[in-house]
Amino acid sequence: GYRVSLQGNFFGHNHTYITFPEYNPCRHIKLDPPLNIQSNATASKCQIWWSVPSVLAGILQYELQYKEYSTSWEVALNKTPPSSLPQIEIEATELRGGIAYIARVRCKVSENEDSYHSQWSEWSQTTVFQRPGVPKLSEKIPNSRTMQFLLIPLSFGALLYLFWNCKLSSRDGQKVSPALTFPHQLLSFSRSIICTMGISR
């Protein structure tokens with residue numbers, strides 16, 4: 001080990017202060033942050049990996065921090081890899097579909113290592129990833145507003161057609177068929193559908 005001391009001249013007198021009587025550099029290490037952090041997101045999970053010097057790879061532990069891109073790091077989630085490998089997976093259930101996330105990682109010597117001790121490194125550069133979004137049911141089928149726009153002109157056209165036929169039959173002196181009362185039923189039916197769709201929205 002080493003003996004670390006501080007010397008100074010105060011009011012014309014030299015003084016020596018012992019700071020660390022037994023200083024061992026191996027137990028006071030601050031590592032550089034991991035490099036080349038990358039990510040790959042799929043519908044089932046997100047894989048994140050990074051690189052560290054190969055001579056240290058077996059004795060390090062890591063802490064990953066990730067959050068939604070638009071939020072502060074103060075609300076970020078922490079995740080610890082299950083092994084000393086420089087990689088980690090985030091399950092899809094932990095991510096919101098279609099939302100961009102950002103992640104970073106830091107490292108230190110493992111607590112299980114007796115020869116070296118260290119504090120956490122600074123955070124690494126960041127990587128951005130996004131879980132592919134799953135289309136909602138409302139995006140797969142026409143929504144109620146679209147159905148209204150389709151139903152109204154169709155109903156109106158049918159009413160005009162039947163009314164015109166009814167008018168022509170009356171001019172010719174023919175008895176109006178009971179089937180020609182259908183416009184009133186169709187109108188009532190279309191209104192009920194529109195009201196129901198408006199309530200469902």
Side-chain angles (χ1 to χ4, degrees), residues 1-8 17-146 200-201:
Y2 296 85
R3 176 179 174 180
V4 179
S5 60
L6 176 65
Q7 294 182 343
Y17 301 92
I18 298 177
T19 307
F20 296 103
E22 291 284 339
Y23 179 75
N24 188 344
C26 293
R27 298 186 175 275
H28 299 275
I29 299 173
K30 184 172 183 178
L31 301 171
D32 291 329
L35 302 173
N36 304 321
I37 182 170
Q38 301 178 60
S39 58
N40 179 44
T42 65
S44 59
K45 62 184 175 182
C46 176
Q47 295 177 310
I48 302 177
W49 63 96
W50 53 90
S51 60
V52 293
S54 57
V55 66
L56 299 175
I59 64 171
L60 298 183
Q61 68 181 68
Y62 307 96
E63 182 178 42
L64 180 85
Q65 199 172 60
Y66 70 98
K67 67 179 184 70
E68 293 184 12
Y69 191 86
S70 59
T71 60
S72 168
W73 284 110
E74 295 179 356
V75 297
L77 300 175
N78 294 337
K79 197 173 183 67
T80 303
S83 68
S84 61
L85 296 176
Q87 63 185 36
I88 196 171
E89 291 185 353
I90 303 176
E91 296 298 326
T93 54
E94 302 177 59
L95 305 172
R96 296 169 58 192
I99 301 296
Y101 286 82
I102 185 171
R104 60 186 183 180
V105 66
R106 61 181 180 175
C107 65
K108 72 173 185 176
V109 175
S110 172
E111 301 289 349
N112 299 325
E113 181 64 36
D114 295 330
S115 301
Y116 301 92
H117 287 171
S118 75
Q119 56 181 303
W120 285 110
S121 70
E122 299 296 330
W123 290 105
S124 70
Q125 297 295 314
T126 58
T127 182
V128 178
F129 57 93
Q130 180 173 321
R131 173 194 167 196
V134 179
K136 298 180 181 179
L137 182 60
S138 59
E139 297 174 354
K140 296 179 181 179
I141 60 176
N143 57 35
S144 58
R145 185 175 296 274
T146 303
S200 64
R201 289 188 296 116

Using a 4.5 Å cut-off on heavy atoms from C-beta on, say whether the side chain of [Y] contacts that of [X].
X      : Y      : answer
Tyr66  : Ile48  : no
Trp73  : Thr126 : yes
Pro86  : Cys107 : no
Tyr101 : Leu95  : yes
Ile102 : Thr127 : no
Gln47  : Gln38  : no
Leu60  : Ser110 : no
Lys30  : Trp120 : no

Would you compute the distance between atom [atom1] of [X] and atom [atom2] of [Y] and round it to the nearest 0.5 angstrom?
X      : Y      : atom1 : atom2 : value
Ile90  : Arg131 : CD1   : CZ    : 12.5 Å
Leu64  : Thr80  : CG    : OG1   : 9.0 Å
Ser51  : Gln87  : OG    : CD    : 12.5 Å
Ser44  : Glu89  : OG    : CD    : 8.5 Å
Ser124 : Asp32  : OG    : CG    : 12.0 Å
Ile59  : Glu113 : CD1   : CD    : 5.0 Å

Legend entry - Matching residue for Arg106 among Glu122, Gln65, Glu63, Gln61 - test: side chain to side chain donor-acceptor pair (under 3.5 Å):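 So, applying the side chain to side chain donor-acceptor pair (under 3.5 Å) to Arg106 and each of Glu122, Gln65, Glu63, Gln61, only Glu63 qualifies.
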Inset, instruction - Could you label the plane-to-plane angle of the Trp50 and Tyr62 rings as parallel, tilted or perpendicular, counting under 30° as parallel and over 60° as perpendicular? - result: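 Taking Tyr62 first and then Trp50, their aromatic rings stand perpendicular (interplane angle over 60°).
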Inset, instruction - Flag yes if more than 12 heavy atoms outside Gln125 fall under 6.0 Å of its CD atom; otherwise flag no. - result: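 Count not over threshold, so no.
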Legend entry - Residues Glu74, Lys67; criterion salt bridge (Lys or Arg N to Asp or Glu O under 4.0 Å); working and verdict: CA-CA 9 Å; Glu74 295 179 356; Lys67 67 179 184 70; over 6 Å; no
Inset, instruction - Ignoring hydrogens and angles, tell me if any N or O in the side chain of Ser72 forms a donor-acceptor pair with the backbone of Val75 under 3.5 Å. - result: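 Such a contact is absent between Ser72 side chain and Val75 backbone.
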Inset, instruction - Could you walk me through whether Val128 and Tyr69 pass the side-chain contact (heavy atoms from CB on, under 4.5 Å) test, one step at a time? - result: CA-CA 8 Å; Val128 178; Tyr69 191 86; 3.8 Å; yes
Legend entry - Nearest heavy-atom neighbours spanning Pro132 and Ala43: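 Minimum heavy-atom contact is CD-N, 3.9 Å.
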